[in-house]
A.B. asks: 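Sending over a structure as structure tokens; questions will come in a sec.
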Amino acid sequence: MRLLEVTIFFIVDQVKRRDVGLFMKRSTLADRYCSIARSSSELTDAWSFVILRELFLANMRFDGLQAQTGMSPRSLTLRLGDLESADIVKRVAYQQSPVRYEYRLTSKGKELWPVVVALKQWGDKWSGPWVDDQPPLTLHHKDHAHELELGFICKVCGEPVDAHSSTATQSSAMTAEREQHAADYQEAIRSKRKGAAGRD
């Protein structure tokens with residue numbers, strides 16, 4: 001086989017068998033030495049953000065969450081369970097006979113507010129079109145006579161910042177992990193190429 005064919009065979013084979021070998025499953029993200037990977041693993045998938053939207057809109061009961069997300073009872077139960085296990089939400093009984101619960105954001109969950117708002121603002125700009133060019137949801141700055149728009153500033157100097165405003169420094173532990181992943185990846189490719197060449 002030519003190199004391109006071997007590479008394509010390798011990629012397709014790995015996609016078919018995500019539970020083994022080179023590519024990560026979601027469950028392994030929590031083991032990574034990376035804040036982004038670990039926090040992403042706690043949010044499961046896109047539905048988690050839709051649930052968070054509802055909780056920040058004070059829609060906290062199961063029936064209300066199901067009505068507004070359109071999720072099946074099983075999917076909603078599983079994701080709420082994941083969020084509860086991650087200490088992002090907690091179940092609180094609001095009725096005793098029979099016992100019924102609502103889902104409230106924990107302190108950890110409330111600190112996701114800027115993440116959800118940033119995602120909303122990004123969606124307002126890039127996920128339209130919207131009727132009359134009005135975004136689906138508008139936030140207002142409480143006790144101020146204007147709309148709220150989240151921005152990023154450097155807390156040290158107060159200047160606005162964006163993706164071009166910073167440089168990154170990896171810790172020695174993160175650097176070592178990334179080097180190991182790169183080495184493992186190259187070794188997996190070499191092994192696959194040798195195996196494919198042996199079948200020719």
A.B. asks: Under a 4.5 Å cut-off applied to non-hydrogen side-chain atoms, are Met71 and Val50 in contact?
C.D. replies: no
A.B. asks: Closest approach of Leu150 and Trp113, non-hydrogen atoms and distance?
C.D. replies: CD1-CZ3, 4.3 Å
A.B. asks: Looking only at atom types and distance, does a side-chain atom of Ser41 sit under 3.5 Å from a main-chain N or O of Leu29, one as donor and one as acceptor?
C.D. replies: no
A.B. asks: What pair of heavy atoms forms the shortest contact from Met60 to Leu55, and how long is it?
C.D. replies: CA-CD2, 4.0 Å
A.B. asks: Once you round to the nearest 0.5 Å, how far does CD of Gln66 lie from CD of Glu54?
C.D. replies: 12.5 Å
A.B. asks: Looking at side-chain heavy atoms only, is the closest gap between His140 and Thr138 below 4.5 Å?
C.D. replies: yes
A.B. asks: Between Ser75 (side chain) and Ser72 (backbone), is there a donor-acceptor pair under 3.5 Å?
C.D. replies: no
A.B. asks: Do Pro136 and Trp130 have side chains that get closer than 4.5 Å, going by heavy atoms?
C.D. replies: yes
A.B. asks: Donor-acceptor check, side chain of Asp132 to backbone of Gln134, threshold 3.5 angstrom: yes or no?
C.D. replies: no
A.B. asks: Count the heavy atoms of every other residue, nucleotide or ligand shown that sit under 6.0 Å from CZ of Arg190, and state whether that count exceeds 12.
C.D. replies: yes
A.B. asks: Identify the heavy atoms of Gln121 and Leu148 that sit nearest to each other, and give their distance.
C.D. replies: OE1-O, 4.3 Å
A.B. asks: List the atom of Phe56, the atom of Lys110, and the distance in Å for their closest heavy-atom pair.
C.D. replies: CZ-O, 3.9 Å
A.B. asks: Any side-chain heavy-atom pair from Leu112 and Leu105 closer than 4.5 angstrom?
C.D. replies: no
A.B. asks: Using a 4.5 Å cut-off on heavy atoms from C-beta on, say whether the side chain of Tyr185 contacts that of His181.
C.D. replies: no
A.B. asks: Hydrophobic clustering (ILVMFWY, side-chain heavy atoms < 4.5 Å, transitive) - are Leu119 and Leu139 grouped together?
C.D. replies: yes
A.B. asks: Side chains of Leu43 and Ile88, heavy atoms from C-beta outward: is any pair under 4.5 Å?
C.D. replies: yes
A.B. asks: So, does Ser165 use its side chain to make a donor-acceptor pair with the main chain of Asp162 at under 3.5 Å?
C.D. replies: yes
A.B. asks: Regarding Arg61 and the six-membered ring of Tyr94, is the cationic atom NZ or CZ under 6.0 Å from the ring centre and inside 45° of its axis?
C.D. replies: yes
A.B. asks: May I ask you to check whether over 12 heavy atoms, not counting those of Gln170, lie within 6.0 Å of atom CD?
C.D. replies: yes
A.B. asks: Grab the two heavy atoms, one from Tyr33 and one from Ser171, that are nearest each other, plus how far apart they are.
C.D. replies: CE2-OG, 3.5 Å
A.B. asks: Could you grab the distance from atom CZ of Arg91 to atom CZ of Arg100, nearest 0.5 Å is fine?
C.D. replies: 13.0 Å
A.B. asks: With a 6.0 Å cut-off (strictly less than), is the heavy-atom count around CZ of Arg38, excluding the residue itself, greater than 12?
C.D. replies: yes
A.B. asks: Are any of the side-chain heavy atoms of Thr77 and Phe62 separated by less than 4.5 Å?
C.D. replies: yes
A.B. asks: Can you tell whether the side chains of Lys90 and Glu102 come within less than 4.0 Å, N to carboxylate O?
C.D. replies: no
A.B. asks: Between His141 and His146, how do the two ring planes meet: parallel, tilted or perpendicular, split at 30° and 60°?
C.D. replies: perpendicular
A.B. asks: Under a single-linkage definition using a 4.5 Å side-chain heavy-atom cutoff for Ile, Leu, Val, Met, Phe, Trp and Tyr, are Leu52 and Val115 assigned to the same hydrophobic cluster?
C.D. replies: yes
A.B. asks: What distance separates Leu83 CG from Ser48 OG, expressed to the nearest 0.5 Å?
C.D. replies: 5.0 Å
A.B. asks: Between Gln95 (side chain only) and Pro98 (backbone N and O only), is there a donor and an acceptor less than 3.5 Å apart?
C.D. replies: yes
A.B. asks: Let me confirm one number: the OG1-CZ distance from Thr69 to Arg53, rounded to the nearest 0.5 Å.
C.D. replies: 8.0 Å
A.B. asks: Evaluate the side-chain proximity of Glu42 to Lys108: yes if any heavy-atom separation is below 4.5 Å, no if none is.
C.D. replies: yes
A.B. asks: For residues Asp31 and Thr28, is any side-chain donor paired with an opposing acceptor at under 3.5 Å?
C.D. replies: no
A.B. asks: For Lys120 and Leu137, which heavy atoms make the closest approach, and how far apart are they?
C.D. replies: NZ-O, 2.8 Å
A.B. asks: Looking at Asn59 and Gly64, would you say the former's side chain and the latter's main chain have a donor-acceptor pair under 3.5 Å?
C.D. replies: yes
A.B. asks: Does a donor on one side chain and an acceptor on the other come within less than 3.5 Å for Thr175 and Ser172?
C.D. replies: no
A.B. asks: Would you sort out whether Val92 and Tyr101 count as a side-chain contact (heavy atoms from CB on, under 4.5 Å), showing the intermediate values?
C.D. replies: CA-CA 5 Å; Val92 177; Tyr101 297 93; 5.9 Å; no
